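One structure is given below, encoded as C-alpha cells.
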There are 2 protein chains.
Amino acid sequence: MARGKVQLRRIENATSRQVTFSKRRTGLLKKAYELSVLCDAEVAVIVFSQKGRLYNFSSNSEIQMTIDRYRRSANDADKYRADMEQHILAMRSNKSIFIQVLMFLQSFE
Amino acid sequence: MARGKVQLRRIENATSRQVTFSKRRTGLLKKAYELSVLCDAEVAVIVFSQKGRLYNFSSNSEIQMTIDRYRRSANDADKYRADMEQHILAMRSNKSIFIQVLMFLQSFE
DNA sequence: CTAGCTATGTATAAAAA
DNA sequence: TTTTTTATACATAGCTA
C-alpha cells in the first residue's frame, strides 16, 4: 500500500501489527458502509482484535437482522444440520437453559 | 475512485450499480481477508445483494463461531432486549418455531 | 454477467510526533 | 495507542469487448 509492498502474512512486529490493524479496520468498515450505500446492499461486518475487542458495522439498524437473514440464506440441508448440532451442543453445556427457555416462551404467546 | 470521484449515495443506473457491486464486494472481502491475516484478527463479513444473493467471508472455519462471539461481546442489557424482541417477531412469522427456538438459545451460554 | 484497460481516487506503510 | 505526513501501492469508475 505504501512505502513498501506488504507480504500477506501475519505482521510479526506487535506495534506495526497494532497500527496496521487500526488503519485497516477503519478502512474495512468504511468500505462496507460505502458498498451498502452505493449498491443498496445489506452488509454486516464483525471484527475482533487480538485482544478480543469488538468492532462492527451493519447497514441494518440491527446487525442481528442480517445475521438472521444469513442463517436463512445459508440453510441448505447440511448447514442446517450443522447449526442444529452446534445449538444442541451449546445447550447441553448450559445449566441455565431451562430458565432461558421459560423466559423466552413466556414472552412469546 | 477512478475517472471521477463518486458521490456517496445509491447509484441509480442499475447496470452501473450491479458492476460496482461486483467489484466492490470483491474488494471488501479481499480486505477482510487481508486484515485477518496481517493482524491475526477474527473477521466475518456478510453481504446481501439487492436480489438477495448471499456473499460472505469468515476468517474462522465457521462463521457461526464469530457470530456467537459477537453475541457474547455485545450482550449488554439493552442489546439483549432488542435481540429478544427481534427473535420473537421473527418467530411469529415463521412456522418452524422449533428450529428458531434452538437457534435463539444459542445466543445465551 | 465476466473480463481487461487505464486514468484517477483512495488506502495505507513507514516514520515521526 | 492515535494521528499526521508523505510516498506508494491498490482499488475502482467508466469504457470497451
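Only a predicted model underlies this, so the values are computations on that prediction, with no experimental measurement involved. Here is the naming used below: chain letters follow the sequence lines, and residue numbers restart at 1 for every chain.
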Counting just side-chain N and O atoms, does B/Lys31 come under 4.0 Å of either OP1 or OP2 of D/dA9?
-> no
To the nearest Å, give me how far apart CG (A/Leu8) and P (D/dC10) are.
-> 10 Å
Not counting sequence neighbours, which residues clear side-chain contact (heavy atoms from CB on, under 4.5 Å) with B/Ala32? List them please.
-> A/Leu28, B/Val43, B/Val45, B/Phe57
For D/dG14, take OP1 and OP2 only and decide whether either is under 4.0 Å from a side-chain N or O of B/Lys5.
-> no
What integer distance in Å separates A/Leu38:CG from D/dG14:P?
-> 10 Å
Tell me, do A/Thr20 and A/Val6 make a side-chain contact under 4.5 Å, heavy atoms counted?
-> no
Nearest whole angstrom, please: distance from the P of D/dA11 to the CZ of A/Arg24.
-> 8 Å
side-chain hydrogen bond (donor to acceptor under 3.5 Å, both in side chains) with B/Glu12: which residues, sequence neighbours excluded?
-> B/Arg10
Between the protein and nucleotides 3-6 of chain D, list every N/O to N/O distance that falls short of 3.5 Å.
residue : atom : partner : partner atom : Å
D/dT6   : O4'  : A/Arg3  : NH2          : 3.3
D/dT6   : O2   : A/Arg3  : NE           : 3.3
D/dT6   : O2   : A/Arg3  : NH2          : 2.9

side-chain hydrogen bond (donor to acceptor under 3.5 Å, both in side chains) partners for B/Arg25, two or more places apart | none
Taking five pairs at each terminus, the helix from C/dT2-D/dA17 to C/dA17-D/dT2 shows an axis bend, to 10°, of 50°
Remember a base hit wins even if backbone is also touched, and classify A/Thr20 as base, sugar-phosphate or nothing at under 4.0 Å, heavy atoms.
-> sugar-phosphate
Between A/Arg25 and B/Ser16, who's closer to the 5' end of DNA chain D by nearest nucleotide?
-> A/Arg25
Taking atom C1' of D/dT2 as reference, at what distance in whole Å does atom OH of A/Tyr55 sit?
-> 11 Å
side-chain hydrogen bond (donor to acceptor under 3.5 Å, both in side chains) against A/Gln18, all qualifying residues, sequence neighbours excluded = none
Can you run down the side chain to side chain donor-acceptor pair (under 3.5 Å) pairs that involve residues 52-61 of chain B, sequence neighbours left out, and say none if there aren't any?
-> B/Glu42-B/Asn60
Between B/Asn13 (CG) and D/dC15 (C1'), how many Å, whole number?
-> 13 Å
Check the distance between C/dT2's P and B/Phe21's CZ and give it to me in whole angstrom.
-> 11 Å
Residues two or more places apart in sequence or in another chain: which of them pass side-chain contact (heavy atoms from CB on, under 4.5 Å) with B/Thr26?
-> none
In whole angstrom, what separates A/Lys30's NZ from D/dT12's P?
-> 12 Å
Could you give the distance from NZ (B/Lys31) to CG (B/Leu29), rounded to the nearest 0.5 Å?
-> 12.5 Å
Could you list the residues that satisfy side-chain hydrogen bond (donor to acceptor under 3.5 Å, both in side chains) with B/Ser22, not counting sequence neighbours?
-> none
Nearest whole angstrom, please: distance from the C1' of C/dA11 to the CG of A/Leu29.
-> 14 Å
